[in-house]
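Report on the structure given below.
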There are 2 protein chains.
Amino acid sequence: MSTIARTQTPQGGRTRRAILEKAVDIASAEGLEGLTIGRLATELSMSKSGLIGHFGSKEELQLAVVETAREIFLESVVMPAMKADEGAPRLLGLCSHWLAYARAERFRGGCFFSAAAAEFDGRPGPVRDRIVQLMREWLDGLEAVISDAKRLGHLHRDVDAKQLAFELHALEMGANWAFQLFGDREAPARAHRAIRERLAAVSLLLVEQ
Amino acid sequence: MSTIARTQTPQGGRTRRAILEKAVDIASAEGLEGLTIGRLATELSMSKSGLIGHFGSKEELQLAVVETAREIFLESVVMPAMKADEGAPRLLGLCSHWLAYARAERFRGGCFFSAAAAEFDGRPGPVRDRIVQLMREWLDGLEAVISDAKRLGHLHRDVDAKQLAFELHALEMGANWAFQLFGDREAPARAHRAIRERLAAVSLLLVEQ
DNA sequence: TGCGCAACCGAACGTTCGTTCGCTCTCTAG
DNA sequence: CTAGAGAGCGAACGAACGTTCGGTTGCGCA
């Protein structure tokens with residue numbers, strides 16, 4: 001109140017971080033609604049009240065879980081892909097890292113956002129709004145990278161960026177779907193093959209690997 | 001007990017049918033677990049006990065809901081497509097009717113199975129087992145129609161039927177996903193375009209429409 | 001040394017969940 | 001005409017849900 005720069009919250013919110021790590025894991029498998037405060041507290045050997053004290057309400061916990069999943073997605077998929085050169089290499093990098101991330105089972109239930117989007121597409125509220133916003137950002141990002149590739153002469157200039165982004169994203173989700181539902185370990189490779197051939201058909205460069 | 005041929009259950013299970021119709025609708029939007037006996041009873045102006053008496057338990061209700069969704073899917077997608085000629089026309093018919101069925105919002109929450117598969121892919125039990133079985137049947141069916149089209153000379157003989165079935169299914173799910181999450185009314189058309197072009201690339205016939 | 005605050009706990013709240021029980025209707029078969 | 005079965009209701013149950021409250025601990029700062 002007195003000083004402008006408040007002291008950092010003690011121990012840097014380690015408990016909060018541990019809660020969220022476990023929560024994303026559970027939510028990817030059981031859903032954000034199936035994620036229960038009691039269940040989460042038990043798995044962390046905490047009390048329900050001590051746990052929810054970090055967030056205030058279940059809805060705010062869910063929102064924090066979404067943010068955490070976003071951070072993990074960014075560092076698992078987007079940041080590694082950004083090391084690749086602009087244009088087609090970066091586009092292929094985004095797709096490859098996405099498939100690797102889904103295949104690596106970073107979370108128990110596969111891609112968090114595939115599950116969350118399906119769960120909340122029919123439930124209004126701030127959680128849904130945030131998920132929609134993040135998915136929109138992802139698709140817009142894909143589209144922007146495709147446009148870059150066109151500008152750089154990597155892809156044909158008559159490629160419909162929005163259309164191609166839709167198709168690539170659909171193939172990625174299809175891979176996660178088959179991997180999770182059937183345990184089909186070949187699904188990511190199938191999606192990767194489809195993506196490579198789809199890009200090769202509109203590419204002006206040799207598609208590497 | 002005495003006679004072998006028991007009498008038909010009175011009024012032909014009309015109430016049971018009405019329950020299931022409403023239940024599939026709710027479940028497509030809120031999920032099979034979010035489908036609540038109390039909520040269902042209220043929407044049907046029934047008592048919880050009177051309702052669950054038709055099924056015995058919630059799990060058996062869920063299984064009945066899955067069977068009902070299957071019947072509706074068969075008559076909305078598979079049966080209309082079977083009127084088309086064997087091979088490529090039937091394949092295109094399956095995809096078109098699937099997209100029309102998703103777009104028509106036959107259920108509040110879009111395709112029931114897309115939602116149910118995502119919800120139950122991480123939860124063991126008979127409901128999940130049945131969903132896996134039906135999804136397997138659908139993908140195998142797609143694959144069989146593709147093989148027919150190859151045999152009839154509609155598609156190139158070196159087409160990988162399993163791979164193509166995966167891709168077509170992924171595009172359909174992508175359309176349902178964008179339609180439900182964003183309300184993107186152009187998504188089915190985008191998927192249809194992608195499917196047409198994908199088929200045209202491996203087709204030996206002019207792809208109609 | 002003592003004050004204050006954040007972290008956390010245990011207990012309890014009211015609500016909703018799925019399920020069970022006993023009862024009342026309304027048919028229909030004999 | 002009567003017996004029996006199925007449909008449906010209302011009340012109640014134990015468990016789990018999210019949330020609230022008061023109290024205890026332990027660390028940092030004055």
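Numbers restart at 1 for each chain; the letters A, B, ... are given by sequence-line order, proteins then strands.
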### Query
To the nearest Å, how far apart are A/Lys58 NZ and D/dA16 C1'?
11 Å
### Task
Give the rounded distance in Å between these two atoms: CZ of A/Arg14 and C1' of D/dC27.
13 Å
### Message
By nearest heavy atom, map B/Gly50 and A/Ser49 onto DNA chain D; which one lands nearer the 5' end?
### Response
B/Gly50
### Task
Report yes or no: do B/Arg136 and B/Gln133 form a side-chain donor-acceptor pair below 3.5 Å?
no
#### Entry: Whole-Å distance separating the CG atom of B/Leu51 from the P atom of D/dC9
9 Å
### Query
Nearest-Å distance, CD (B/Glu33) to C1' (D/dC17)?
14 Å
### Task
For B/Thr36, answer base if it contacts any base atom (sugar-phosphate contacts may also be present), sugar-phosphate if it contacts only those atoms, and nothing otherwise; contact means non-hydrogen atoms under 4.0 Å.
sugar-phosphate
### Query
C/dG18 base to B/Lys48 side chain: any donor-acceptor pair below 3.5 Å?
yes
### Message
As an exercise, state the distance from CZ of B/Phe120 to CD of A/Gln180, rounded to the nearest 0.5 Å.
### Response
15.0 Å
### Residues A/His97 and A/Ser76: side-chain donor-acceptor under 3.5 angstrom
no
### Message
Between P on C/dC8 and CG on A/Leu44, what's the gap in Å once rounded to a whole number?
### Response
11 Å
### Message
From CG of B/Leu32 over to P of C/dG18, roughly how many Å is that when rounded to an integer?
### Response
12 Å
### Message
Does B/Ser45 reach a base, just sugar-phosphate, or nothing at all? Heavy atoms under 4.0 Å.
### Response
sugar-phosphate
### Task
For A/Glu60 and D/dT20, give me the distance from atom CD to atom P, rounded to whole Å.
11 Å
### Message
Quick check on D/dG8: is either OP1 or OP2 less than 4.0 Å from any side-chain nitrogen or oxygen of B/His54?
### Response
yes
### Message
What is the separation between atom CE on B/Met46 and atom C1' on D/dC9, rounded to the nearest whole Å?
### Response
9 Å
### Query
Going by heavy atoms in the side chains, are B/Trp177 and A/Asp121 under 4.5 Å from each other?
no
